[in-house]
There are 2 protein chains.
Amino acid sequence: MADTARTRLQQAAVTLFRDKGFDSTTAAEIAALAGVTERTFFRHFADKREVLFDGQAVLLEALRSAIENVPQDVPPLQTLFRVFRSVVPILDANRPFSQPRQAVISATPALQERELAKMAALAEALAQALRGRGVTDDRATYAAQVGMAVFAHVTLAWLEEATPSLGDRLDRAERDLADLM
Amino acid sequence: MADTARTRLQQAAVTLFRDKGFDSTTAAEIAALAGVTERTFFRHFADKREVLFDGQAVLLEALRSAIENVPQDVPPLQTLFRVFRSVVPILDANRPFSQPRQAVISATPALQERELAKMAALAEALAQALRGRGVTDDRATYAAQVGMAVFAHVTLAWLEEATPSLGDRLDRAERDLADLM
DNA sequence: AGCTTGATGTCAGTGACTGACAAGGGGAGG
DNA sequence: CCTCCCCTTGTCAGTCACTGACATCAAGCT
């Protein structure tokens, strides 16, 4: 988290996106506010949207490793809920940063699109992990997608409104899901 | 489906994307092949990707109206599966067009991103419809997302490989889903 | 000191997309 | 038949996202 060009760019981006909106801030403006050139911006981030989606990589690794600590005999969906609960502390710690970021995303269709892509990647990673634990191909896909859908919806609601807590919301979601079947 | 500029643009786009790839075909090339100017392309489609995502609107309406014909007392997920089965004939009829289109999408990350966004919109529409039938807010969201995830996965697999039929695949998916819980 | 490596700056170019304005063609009403 | 109007398209100029090629410069290694 040093004061590197990369992190300055990320902070500048959130600030400008929040103040002027995503569409009407140029990559050059972000770079200027961060004290670098536009070219440097694109060296750090593949495109203008990507500047907001770095945490996903961290989250992905957290989820990947968390899944290892769940006994193999726990059924797939239940496994995922345990994994989600295990990353709650991380999300809690990041809420101050995540909240304004999510506000920007929620206000910008182009960014929501990217977020969906990231969620899909996360879901695919979870599915892979489940397959590694002996879950059938399709079932792993379904479990991962269902899990991610719930996880995304719950965290989004929790970023808009801090209470109830993430844990409580997950409990409730798990019950809702059970009712559904 | 007349021979309008719009449809010519769509056909030209699929052709060129298939032959040269999405990234290395320009909007101007598509327009030229369709016999119009680049400006006309962007009058018909908000952006270069959107030229491939028109059918979604038709599908959405089909799903919307199909849901009306399911008795209110059928539980949510089961409702959705009935709805999906009811649009199978439409999808069957469109397979010749959908298949090459999907091949292009599957080969292009930028297009997959857009497809996810369209699916999310479809899911939201289904959720709305379910809420209109008295399903609780969150449960409607979950049911719709679960349903769409399965529907998307099933149709994708079916576009890659025509047999088993869509109906059979839906049956199997429904069973897989039940197992999951 | 000399060399290498990684991050940054500079510059020129391509292509997606937009706004403003003009032009043509067919249909409705006189 | 003429005229007005609307809808679609063409033209042109401009902004901005993004890229490749090359130069610079500081930090660490030998």
Side-chain angles (χ1 to χ4, degrees), chain A residues 1-54 57 101 104-105 107-118, chain B residues 1-54 57 101 104-105 107-118:
Chain A
M1 307 296 179
D3 182 35
T4 152
R6 186 183 183 86
T7 61
R8 287 204 312 277
L9 283 167
Q10 291 170 333
Q11 293 163 0
V14 181
T15 303
L16 290 177
F17 290 166
R18 170 162 44 78
D19 294 351
K20 321 183 12 180
F22 176 83
D23 292 323
S24 35
T25 96
T26 70
E29 287 172 333
I30 302 172
L33 183 54
V36 295
T37 57
E38 186 186 7
R39 191 65 181 87
T40 295
F41 178 96
F42 287 110
R43 283 211 184 84
H44 282 283
F45 306 103
D47 59 61
K48 192 179 155 192
R49 307 178 197 173
E50 201 63 17
V51 68
L52 288 186
F53 295 90
D54 243 24
R101 192 192 81 116
V104 171
I105 295 175
T108 314
L111 292 173
Q112 294 172 39
E113 221 174 302
R114 176 59 52 85
E115 183 166 52
L116 286 170
K118 295 291 182 182
Chain B
M1 311 300 170
D3 181 34
T4 150
R6 185 181 184 86
T7 60
R8 285 204 313 277
L9 282 167
Q10 292 170 332
Q11 293 165 358
V14 181
T15 304
L16 291 177
F17 290 166
R18 170 163 44 78
D19 294 351
K20 323 184 10 180
F22 176 83
D23 292 324
S24 36
T25 97
T26 71
E29 286 171 335
I30 302 171
L33 183 53
V36 294
T37 58
E38 187 187 7
R39 191 64 181 88
T40 295
F41 177 95
F42 286 110
R43 284 212 182 84
H44 283 281
F45 306 102
D47 59 62
K48 192 180 156 192
R49 308 177 197 173
E50 200 63 19
V51 69
L52 287 187
F53 295 90
D54 244 24
R101 192 192 79 115
V104 171
I105 295 176
T108 315
L111 292 174
Q112 294 173 39
E113 222 175 300
R114 176 59 51 86
E115 183 167 52
L116 286 171
K118 296 291 183 183

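In what follows, chains carry the letters A, B, and so on, assigned in the order in which the sequence lines appear, proteins first and then strands, with residues in each chain numbered from 1.
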Are any of [X]'s side-chain N or O atoms less than 4.0 Å away from OP1 or OP2 of [N]?
{"X": "His44(B)", "N": "dT9(D)", "answer": "yes"}
{"X": "Thr40(A)", "N": "dG9(C)", "answer": "yes"}
{"X": "Thr37(B)", "N": "dG10(D)", "answer": "yes"}

| field | Of residues 107-115 of chain A, the positions that come close to DNA chain C - non-hydrogen atoms, cut-off under 4.0 Å | value |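 Contacting residues: none.
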
| task | Output every pair passing salt bridge (Lys or Arg N to Asp or Glu O under 4.0 Å) with a member in residues 7-17 of chain A, not counting sequence neighbours, ordered by first then second residue. | result | none

| query | Between Lys118(A) and Glu50(A), is any pair of side-chain heavy atoms under 4.5 Å apart? | reply |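 Yes. Closest side-chain heavy atoms under 4.5 Å.
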
| task | Encode nucleotides 18-24 of chain D as B, S and - characters from 5' to 3', where the letter depends on protein heavy atoms closer than 4.0 Å: B to the base, S only to sugar-phosphate, - to neither. | result | BBBB---

| message | Please enumerate all residues that pass ring pair (Phe, Tyr, Trp, His ring centres under 6.0 Å) together with Phe42(B), with sequence neighbours excluded. | response |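 Result, ring pair (Phe, Tyr, Trp, His ring centres under 6.0 Å) vs Phe42(B): none returned.
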
| message | Regarding Glu38(B) and Lys48(B), does a basic nitrogen lie under 4.0 Å from an acidic carboxylate oxygen? | response |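 The answer is no: the pair does not qualify as a salt bridge.
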
| task | With sequence neighbours excluded, give me every side chain to side chain donor-acceptor pair (under 3.5 Å) pair touching residues 9-20 of chain A. | result |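 Passing the test, one end in residues 9-20 of chain A: Gln10(A)-Asp54(A), Lys20(A)-Glu29(A).
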
| task | Tell me which residues in residues 22-30 of chain A put a heavy atom below 4.0 Å from DNA chain D, sorted by number, or none. | result |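 Contacts with DNA chain D under 4.0 Å: Thr25(A), Thr26(A), Ala27(A).
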
| said: Please report the distance, rounded to the nearest Å, between CG in Leu9(B) and P in dC17(C). | reply: 14 Å

| query | Counting distance only, does the side-chain N/O of Thr108(B) pair as donor-acceptor with the main-chain N or O of Ala110(B) below 3.5 Å? | reply |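 Side chain of Thr108(B) to backbone of Ala110(B): no pair is present.
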
